[in-house]
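All remarks here apply to the structure that follows.
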Amino acid sequence: MKIATWNVNSLNVRMPHLKQWLAAAQPDVVALQETKLEDSKFPDTELAALGYRSVFSGQKTYNGVALLSRHDMPQNIVTDVPGLDDPQRRILIADVGDLRVANLYVVNGQAVGSEKYAYKLDWLARVTDYLANEAARHPNLVVLGDFNIAPDDRDVHDPAAWKDQILCSEPERAALRRLLDLGLLDSFREFHSNDGAFSWWDYRQAAFRRNLGLRIDLVLASQNLRPRFAGASIDLEPRRWERPSDHAPALLELNA
DNA sequence: ATGGTGGCAGAGCCA
């Protein structure tokens, strides 16, 4: 089975892209971020016609997450975690088949030292505390989404320019390591050790054409699932289409 | 260079 994450940067704008990509890539589970849709406007009927059940936690204008599943209806949904009294819709955790799937749209953080940066680190700490309980309860945990953190310098097109900048700072990387220390693997790195593999490119300055990107969209999975890993990839194709999201989908393939 | 591009909303915020 294929499990994927994609920050679509407005599902209203990107619905044609999503439909084309679902048909081409045939993923079984898809975590979406930045849907920017109130729940009453989520296109669940249209997605059901394509064979996908969907659950979602959205809001107007900003944020918004969703999980699509081709087979099992997502169950036991969590959208809020203790200690985070947060109106921003960034979390959607559900059982999908024999997996516990946590879709995260991690806070961007704007700039190191800003108020939003402090919010990002606090948010990550509290979500990690909550996911520790999920990891203890569920042997097959997948935590995926837009982490807004490049795990190490291989994930950055120009590590010198980005050193200690937002998305790359040491406190952010330490917060991500603390999440991985729950017993999770960055699945992409189980298959690829090279640099230059990115999932996000700024819309400005032809960054995608020049491959000036970062790898910030991750599929983390329990070490317990390692024997089932069949491949991991980033699909660059939808980033080449007209009016694309600034992110590309990242995928993990698991054997049954 | 405090720029640049895009989405939402209809000016400024967020990424």
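Lettering of chains follows the sequences in order, A, B, ..., and the numbering in each one begins at 1.
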ask   = Rounded to whole angstroms, how far apart are CH2 on Trp201(A) and C1' on dG4(B)?
value = 19 Å

ask   = Is the distance from OP1 or OP2 of dA9(B) to the nearest side-chain N or O of Thr61(A) less than 4.0 Å?
value = yes

query = At under 4.0 Å, does any side-chain N or O of Ser10(A) touch on OP1 or OP2 of dG6(B)?
reply = no

query = In whole angstroms, how far is the P atom of dA15(B) from the CG atom of Asp202(A)?
reply = 13 Å

ask   = On the ring face of Phe191(A), is Arg226(A) found with NZ or CZ under 6.0 Å from the centre and within 45° of the axis?
value = yes

query = Atom CG of Leu214(A) and atom P of dA15(B): how far apart are they, to the nearest Å?
reply = 15 Å

message = Could you tell me how far apart Lys41(A) (NZ) and dC8(B) (C1') are, to the nearest whole angstrom?
response = 12 Å

message = Distance alone, cut at 3.5 Å: any donor-acceptor contact between the side chains of Tyr130(A) and Asp80(A)?
response = no

message = Any side-chain N or O of Arg14(A) below 4.0 angstrom from OP1/OP2 of dG7(B)?
response = yes

ask   = Please give, in whole Å, the distance from dC14(B) P to Gln59(A) CD?
value = 12 Å

ask   = With respect to the phosphate group of dC8(B), does any side-chain polar atom (N or O) of Lys60(A) fall under 4.0 Å of OP1 or OP2?
value = no

inquiry  = We want to know whether Asp217(A) and Trp6(A) form a side-chain donor-acceptor pair, criterion being a heavy-atom distance below 3.5 angstrom.
reply    = no

query = Is Tyr105(A) touching bases, backbone alone, or none of the nucleic acid, heavy atoms closer than 4.0 Å?
reply = sugar-phosphate

key: P atoms of dA1(B) and dG12(B), separation to the nearest Å   = 26 Å

request  = Could you check whether Arg90(A) gets within reach of a base, just the sugar-phosphate, or nothing at all, counting any heavy atom under 4.0 Å?
outcome  = sugar-phosphate

query = Which pair of heavy atoms, one from Arg215(A) and one from Asp186(A), lies closest together, and at what distance?
reply = NH2-OD2, 2.7 Å

key: Separation of the P atoms in dG3(B) and dA9(B), to the nearest angstrom   = 24 Å

note = Separation of dT2(B) atom C1' from Gln110(A) atom CD, nearest Å, is 13 Å

ask   = Among dG6(B), dA15(B), dC13(B), which is the nearest nucleotide to the side chain of Asn108(A)?
value = dA15(B)

ask   = Can you check the Tyr203(A) OH to dA15(B) C1' distance for me, whole Å?
value = 10 Å

query = Which sits closer to the 5' end of DNA chain B, Thr35(A) or Gln205(A), going by the nucleotide each is nearest to?
reply = Gln205(A)

Atom-pair distance (NZ on Lys116(A); C1' on dC14(B)), nearest Å = 6 Å

query = Choosing from dA15(B), dC8(B), dG6(B), which nucleotide comes nearest the side chain of Arg204(A)?
reply = dA15(B)

query = CD of Glu115(A): more than 12 outside heavy atoms within 6.0 angstrom?
reply = no

task = Examine dT5(B): is either OP1 or OP2 under 4.0 Å from a nitrogen or oxygen in the side chain of Arg243(A)? Give yes or no.
result = no

